Amino acid sequence: MPSLEDELFPSTPGKFKDRSNRKFHRCLASTSTMFLWALFLIALTALYISFQSFLGGGDTDKWGGIQWERQVVASAKVHRHGGFSVLVTGAAGFVGTHVSIALKKRGDGVVGLDNFNHYYNPSLKRDRQKLLSQQDIFIVEGDLNNGRLLSKLFGVVEFTHVMHLAAQAGVRYALENPRSYIHSNIAGLVTLLEACKNADPQPVFVWASSSSVYGLNEKVPFSESDRTDQPASLYAATKKAGEEIAHTYNHIHGLSITGLRFFTVYGPWGRPDMAYFSFTKNILKGKAITVYRGKNRVDLARDFTYIDDIVKGCVASLDTAGKSTGSGGKKRGPAPYRTYNLGNTSPVTVPMMVGILERHLKVKAKKNVVEMPGNGDVPYTHANITLARIELGYKPTTDLQTGLKKFVRWYLSYYGHTQGKASY
Ligand SMILES: O=C(O)[C@H]1O[C@H](OP(=O)(O)OP(=O)(O)OC[C@H]2O[C@@H](n3ccc(=O)[nH]c3=O)[C@H](O)[C@@H]2O)[C@H](O)[C@@H](O)[C@H]1O
């Protein structure tokens, strides 16, 4: 009777069989099986890798693939003669959402980029995303530091402009999480500028700096030419560093750069970490709010600027920016480098801001007035906007009273009067 082995590995008919031959066959059999298994596993791995690269992912499964590219291209499509194709970073953020909608409404193509981080409750960001999606604006989910994603994006769309609004915001949070400022405001900025530098043609670059760069400067109102070498917070320091970094990309690579120094922007769909927003929540909940006061019992003041005015300043900056001159990463000639204050030019004290909120909310605030802790705050901001007025036609029109009324109306409609849903 033939053994199992013989059946599995029948000898060639007519050939002589012996024991050593059998051993050899047995060894060959197990080696071949192992070899076949290895081949099978290699093939499986190769199949998986090629499927992943077909999807375009790798770093994250949130981007890449044919469907994703279609969405990006459709969102970037320009619907007006001479319109722009704009990459808006931080599109699910406060300013990013408003700027994206304004651009889309006038016929520009807009592609958003946002990492939906958890600095504050991302459900607000998701709701802003829904708002943008109703305007056919697609947000790519990814981080600024993902160079692969950025080069893919610039490969799919020839962006004419980049509106860079993504950042780690907040002055006081830098004490808790300093690295997040370096990650987004320094490393992320450089990764994005690299992608812009390498793009051919290079896009125009407009980005959000901050009033905080004036730091301990005591000359008011703050003009663009005033000193900015005394930052009071790490946030301010990273924004100031961003300005210097952007300058080198303008100088070496011919990128057209416009830096906008925003002054305490507020309004509907705003940031829950900001004072006017968190005060509203706490006043409605009957909780005490902490109002900081400066040295010698001097009230702190801010040049609060309404979101619609900021949006006009951003759009005007895109419209008036000269072209980048570089190609293949090399500068072909001088490119514009501009810096503007976007403020309101009428500072209001924090207690006055609280008073306006009390009137709009029809609730009296419980206030704890404490001396300003040494946490990065500055006592006073006031923008000189002459340059922006002359060169951008920037003219803010909303005072704090009117702007906060609009904010409170939005807040109550979004969170409801009961505050039950306000978990941020
Ligand atoms: O223009 C900017 O470049 C920055 O504007 C904003 O910073 P700020 O002007 O500091 O706004 P915000 O925190 O609302 O505090 C407002 C006032 O309330 C005081 N304040 C704050 C908190 C509190 O509990 N109590 C209080 O009195 C506080 O002392 C201050 O006097 C952005 O957050 C920042 O990301 C950046 O964009």
Side-chain angles (χ1 to χ4, degrees), residues 90 93-96 119-120 164-177 180-181 184-185 207-215 217 221-222 228 231-240 242-243 259-267 270-283 287-295 297-307 309-310 313-314 339-345 347-357 365-383 385 396 400 403-404 407:
F94 170 35
V95 181
Y119 170 55
Y120 56 82
H164 176 45
L165 299 168
Q168 176 57 62
V171 175
R172 289 162 290 277
Y173 179 63
L175 290 180
E176 269 175 62
N177 189 358
S180 65
Y181 290 80
S184 296
N185 304 356
W207 74 289
S209 182
S210 161
S211 71
S212 65
V213 298
Y214 292 108
N217 174 41
F222 301 157
T228 53
S233 65
L234 184 67
Y235 168 72
T238 58
K239 284 295 180 180
K240 172 63 182 168
E243 291 188 354
L260 303 174
R261 294 176 178 167
F262 293 166
F263 282 70
T264 314
V265 190
Y266 72 99
R271 271 175 34 215
D273 62 312
M274 288 184 68
Y276 74 97
F277 203 123
S278 65
F279 285 177
T280 300
K281 176 190 172 191
N282 289 328
I283 291 171
K287 278 185 161 179
I289 60 170
T290 304
V291 176
Y292 300 141
R293 195 165 52 191
K295 281 194 187 117
R297 303 179 151 249
V298 174
D299 289 332
L300 304 183
R302 288 290 181 273
D303 198 358
F304 295 99
T305 310
Y306 190 61
I307 183 65
D309 291 323
I310 288 291
C314 290
T339 304
Y340 299 108
N341 284 343
L342 294 186
N344 195 50
T345 64
V348 175
T349 67
V350 176
M352 278 171 75
M353 179 263 275
V354 173
I356 296 172
L357 283 177
K366 291 176 192 152
K367 285 176 269 184
N368 269 334
V369 181
V370 303
E371 192 162 320
M372 181 176 86
N375 55 11
D377 255 333
V378 291
Y380 189 80
T381 65
H382 183 183
I385 56 161
L400 189 62
L404 282 181
F407 164 72

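Note that this is a predicted model, so its numbers are computed, not measured. One-based numbering, in listed order, for ligands and for the atoms of each.
- Distance OH/Y340 to CG/L260: 9.0 Å, rounded to 0.5 Å.
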* Any chance you could lay out the side-chain contact (heavy atoms from CB on, under 4.5 Å) test for S180 and Y119, step after step, and finish with the verdict? => CA-CA 10 Å; S180 65; Y119 170 55; over 6 Å; no

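- Near V291, with a cut-off below 4.0 Å to any heavy atom, the atoms of ligand 1 are 27 (O).
- Residue V350 has no N or O atom closer than 3.5 Å to an N or O atom of ligand 1.
- Proximity of a side-chain donor or acceptor of T305 to a complementary backbone N or O of D303 within less than 3.5 Å is detected.
- Within the 4.0 Å heavy-atom shell around ligand 1 one does not find Y266.
- Here T238 pairs with N185 under the side-chain hydrogen bond (donor to acceptor under 3.5 Å, both in side chains) rule; sequence neighbours left out.
- Looking only at protein heavy atoms, the nearest one to atom 8 (P) of ligand 1 is R302 NE, 3.7 Å.
- Ligand 1 lies less than 4.0 angstrom from a heavy atom belonging to R271.
- With rounding to the nearest 0.5 Å, the separation of CG in L357 from CG in L400 is 7.5 Å.
- Looking at F263 next to ligand 1, no N or O pair under 3.5 Å apart turns up.
- F277 has its ring centre less than 6.0 Å from the ring centre of F407.
- With N341 contributing its side chain and F222 its backbone, the two residues share a donor-acceptor pair below 3.5 Å.
- For atom 11 (O) of ligand 1, the closest non-hydrogen atom on the protein side is T264 CG2, 3.7 Å.
- Under a 4.0 Å criterion applied to the non-hydrogen atoms of Y235, ligand 1 contributes the atoms 35 (O), 36 (C), 37 (O).
- Using bins of under 30°, 30° to 60° and over 60° for the plane-to-plane angle, the ring pair Y173/Y181 lands in the tilted bin.
- In the vicinity of S211, heavy-atom distances shorter than 4.0 Å reach the ligand 1 atoms 1 (O), 2 (C), 3 (O).
- In terms of protein heavy atoms, atom 7 (O) of ligand 1 is closest to V171 CG2, 3.8 Å.
- Among all protein heavy atoms, the one lying closest to atom 20 (N) of ligand 1 is Y292 CD1, 3.6 Å.
- Rounding to the nearest 0.5 Å gives a distance of 14.5 Å between OH of Y235 and CG of L175.
- At least one heavy atom of R172 sits closer than 4.0 Å to an atom of ligand 1.
- When only interatomic distances are considered, the shortest N/O to N/O separation between D273 and ligand 1 does not fall below 3.5 Å.
- Here the heavy atom of the protein found nearest to atom 18 (O) of ligand 1 is A275 CB, 3.5 Å.
- If you number the atoms of ligand 1 from 1 as listed, the ones under 4.0 Å from a heavy atom of S212 come out as 3 (O).
- Any N or O atom pair closer than 3.5 Å counts here, and G170 shares at least one such pair with ligand 1.
- Here the heavy atom of the protein found nearest to atom 6 (C) of ligand 1 is M274 CE, 3.8 Å.
- Qualifying side chain to side chain contact (heavy atoms under 4.5 Å, CB included) partners for T228, counting only residues two or more places apart in sequence or in other chains: V213, Y214, K240, R261.
- Below 3.5 Å of separation, one finds an N or O of S210 facing an N or O of ligand 1.
- Heavy-atom separations between F277 and ligand 1 are all 4.0 Å or longer.
- Every atom of ligand 1 with a heavy atom of D377 under 4.0 Å away is listed here by number and element: 10 (O), 28 (C), 29 (O).
- Close approach of ligand 1 to L300 (heavy-atom distance below 4.0 Å) involves ligand atoms 29 (O), 31 (O).
- When each of I283, V369, N368 is tested with I289 by the rule side-chain contact (heavy atoms from CB on, under 4.5 Å), just one qualifies, namely I283.
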* Test Y292 against V370 for side-chain contact (heavy atoms from CB on, under 4.5 Å), laying out the working first. => CA-CA 5 Å; Y292 300 141; V370 303; 3.6 Å; yes

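- Although no hydrogens or angles enter the test, the distance criterion places a donor-acceptor pair under 3.5 Å between the side chain of K239 and the main chain of A208.
- Of all protein heavy atoms, the one closest to atom 24 (O) of ligand 1 is T290 O, 3.4 Å.
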